[in-house]
Undergrad: 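The structure that follows is given in the form of structure tokens.
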Amino acid sequence: MSAEFNPQMIQVTGGATGFIPAPENKGKPITVIGTKAIRQTFDEKCLEQAMNSRGAPGVTDLVLNPDAHCGYGAPVGCVLVSPTHIYPGPVGVDIKCSMSLLQMDLPADAVVDRGVRRALINAILERTPTGAGRGQRSARKARKVSTVNGEKVLIEGASPVVCAALGIPQEWASRCEDAFHVGHDDTKDALGNRLAYLIAEGKIPNFEEKVIQLGSYGGGNHFGECEVVELVDNQRARRAAEVFGMKDNCVAFLSHCGSRGMGHRLASGQFRTLQEKFERWGIALPGQDKELVYAPLGTAEANDYLDDMAMGANFATVNHLLINALVLEAFQEVIPGVKGQLVYFISHNIARRERVNGEEAWVHRKGATRAFPAGHYSLIDTPYYETGHPILLPGNPQDGSVVMVADSGAEKSCYSVNHGAGRCKGRKAAIRELDQEKVDAGLAKHDILTNCRVYPKDEAPAAYKDFGEVLRSVEEAGLASPVAKLKARFVIKDAELGLRGAA
DNA sequence: ATGTCC
């Protein structure tokens, strides 16, 4: 298999766009987004996964984004569309891993002082811990979490009752890609029934401990980052920023996290169940990849998966909104009177039912971000119909992150863009090859503070692709345009990761 | 991603 999958298989059509013919030339080709430099970053395993995913049962469209790299069954950084099947692998173990951005009514000058930034880091960490398990949040600061009914969170998502219990401003629900998710039959009763079954059967052990994780970041590539907003200087970007509620040269807070132990448990339970069934029934898997299990829509297996995915997604939604509420509280403790407003909350690990090619289909975005441009039917009755919705893309602390808005060209990528820079080095390779002093010096040079004594090498900017080249790909392909740049002032990560890598 | 296989 070695020489079979390589970037030369991509046929370039220009404008950072190309295609790979589907396996045996059956059906639509894989759409590939990326400049020449980006196409060279797609390794064998990533391309093999893309081909397996494209040839999988019921799959009609596959898009490979510029940040694509090897993932679980399907590449991280791809879009998989099926009108007939649901695929748990291309949603992933961190159901509804997402980005959110909180805009502060606070000029950039307010976070120049390093003492103020240190105080903010500490106030934020007290409320929204990082790392495995429940983290180190103090009991006093965790009080809001212990008052919420965990079952309601899974069943209702960011409902008025749940938001009120957690001190989340109700208007933030309108700044979500989806504020809640319903079950396979479009009711929340389906979720209530499914959850009662899971709990009765002991399928979600330590349920309350998982609920307490609400308002925490977790580890890996998750982070919280204080930013200074630099609006792009053109009329369209200015208009979009106005609708998004973004303020030039002001402070904002960018968060990346997902559904924590709850989503992990729901997802891994589904993988186990489906893999056992495929084995028992002797059904061949696409490319013999057991991570590409699937369920035909309408079966009990698909219904159970859709219900579990919805509950994991509801947990992630409330987790993100609570983090934003707690981060705002932390800012207010350090800088009394400061105001904050959610700009947007948008996922990059979720399957959504959308219209593609004129029919309803499940659009699986695995490390990919929805990108509906102005006038898209789905944005009617939202604040974003005239502009398109905000697209939140983390790059890296040194080179910055970006807020974009979709262009009409996004149709060719099933209305999707990348979800970040994408890894170019595996974690082990990054820990082995990168120099700790250089990693820390890079952040220091940009005057970016962090809670980590040493920054995790496997999360260093050098472990990721060139973000500028990734964004060039998106713009040249006509998928989206920049609205604002986000310049990091401090970054909060799982500090234990760094200590591990420093050994 | 995940107390990294309840």
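We use all heavy atoms of the structure for the numbers below, so side chains are in, but hydrogens, waters and symmetry mates are not. What you are looking at is a predicted structure, and each value in this text was computed from that prediction instead of being measured. The sequence lines fix the lettering, A, B, ..., with proteins before strands; numbering per chain opens at 1.
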Undergrad: If you assign each of A:Pro205 and A:Tyr217 to its closest nucleotide in DNA chain B, which residue comes earlier from the 5' end?
TA: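 Nearer the 5' end of the strand: A:Tyr217.
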Undergrad: Need one value for A:Gly263: base, sugar-phosphate or nothing, where a base atom within 4.0 Å counts as base even if backbone is also close, heavy atoms only.
TA: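 No contact.
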Undergrad: Report the distance from atom CD of A:Gln213 to atom C1' of B:dT2, rounded to the nearest whole Å.
TA: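 Rounded to whole Å, this separation is 9 Å.
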Undergrad: Could A:Glu225 and A:Lys487 be called an ion pair, given the rule that one side-chain N must be under 4.0 Å from one carboxylate O?
TA: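 No, A:Glu225 and A:Lys487 are not salt-bridged.
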Undergrad: Aromatic contact between A:Phe271 and A:Tyr72, with the criterion being ring centroids under 6.0 Å apart: yes or no?
TA: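 Yes; A:Tyr72 has its ring centre under 6.0 Å from that of A:Phe271.
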Undergrad: Taking all non-hydrogen atoms of both residues into account, name the closest pair between A:Val470 and A:Gly420 and its distance.
TA: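 Where A:Val470 meets A:Gly420 most closely, the heavy atoms are CG1-O, 3.6 Å.
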Undergrad: Would you mind reading off the distance between A:Ile199 atom CD1 and B:dC6 atom P, rounded to a whole angstrom?
TA: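 From A:Ile199 CD1 to B:dC6 P: 18 Å.
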Undergrad: Going by an N to O cut-off under 4.0 Å, is there a salt bridge joining A:Arg427 and A:Glu459?
TA: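 Counted as a salt bridge, because a side-chain N and a carboxylate O are separated by less than 4.0 Å.
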Undergrad: How many Å lie between CZ on A:Arg260 and P on B:dT4, as a whole number?
TA: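 Going from CZ in A:Arg260 over to P in B:dT4 covers 12 Å.
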Undergrad: In whole angstroms, how far is the P atom of B:dC6 from the CD atom of A:Glu209?
TA: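 From A:Glu209 CD to B:dC6 P: 14 Å.
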Undergrad: Base, sugar-phosphate, or nothing for A:Gly261, non-hydrogen atoms under 4.0 angstrom?
TA: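 Sugar-phosphate, no base atom in range.
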Undergrad: Under the criterion ring pair (Phe, Tyr, Trp, His ring centres under 6.0 Å), I'd like the reasoning laid out for A:His256 against A:Phe223: C-alpha separation, chi angles, the key distance, then a yes or no.
TA: CA-CA 5 Å; A:His256 177 208; A:Phe223 67 86; 5.7 Å; yes
Undergrad: Mind checking A:Gly219 for me? I need base, sugar-phosphate or nothing, with any heavy atom below 4.0 Å counting as a touch.
TA: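 Touches sugar-phosphate only.
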Undergrad: Quick one: A:Gln270 CD to B:dC5 C1', roughly how many Å, whole number?
TA: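 These atoms are roughly 18 Å apart.
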Undergrad: Would you indicate which nucleotide in B:dT2, B:dC6, B:dG3 comes nearest to any side-chain atom of A:Arg265?
TA: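 Selected nucleotide (nearest to the side chain): B:dC6.
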Undergrad: What contact category does A:Arg272 fall into here, base, sugar-phosphate, or nothing, at under 4.0 angstrom with non-hydrogen atoms?
TA: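 Touches nothing.
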Undergrad: Whole-Å distance between B:dT2 P and A:Lys210 NZ?
TA: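 In whole Å, B:dT2 P and A:Lys210 NZ are 12 Å from each other.
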Undergrad: May I have the distance from A:Leu497 (atom CG) to B:dG3 (atom P), rounded to whole angstrom?
TA: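 Answer to the nearest Å: 12 Å.
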Undergrad: In this structure, how many angstroms lie between the P atom of B:dT2 and the CZ atom of A:Phe315, rounded?
TA: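 Nearest whole value for this atom pair: 11 Å.
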Undergrad: Mind checking if A:Gly220 touches a base, just sugar-phosphate, or nothing, with heavy atoms under 4.0 Å?
TA: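 Since only primed, P, OP1 and OP2 atoms lie under 4.0 Å of A:Gly220, the category is sugar-phosphate.
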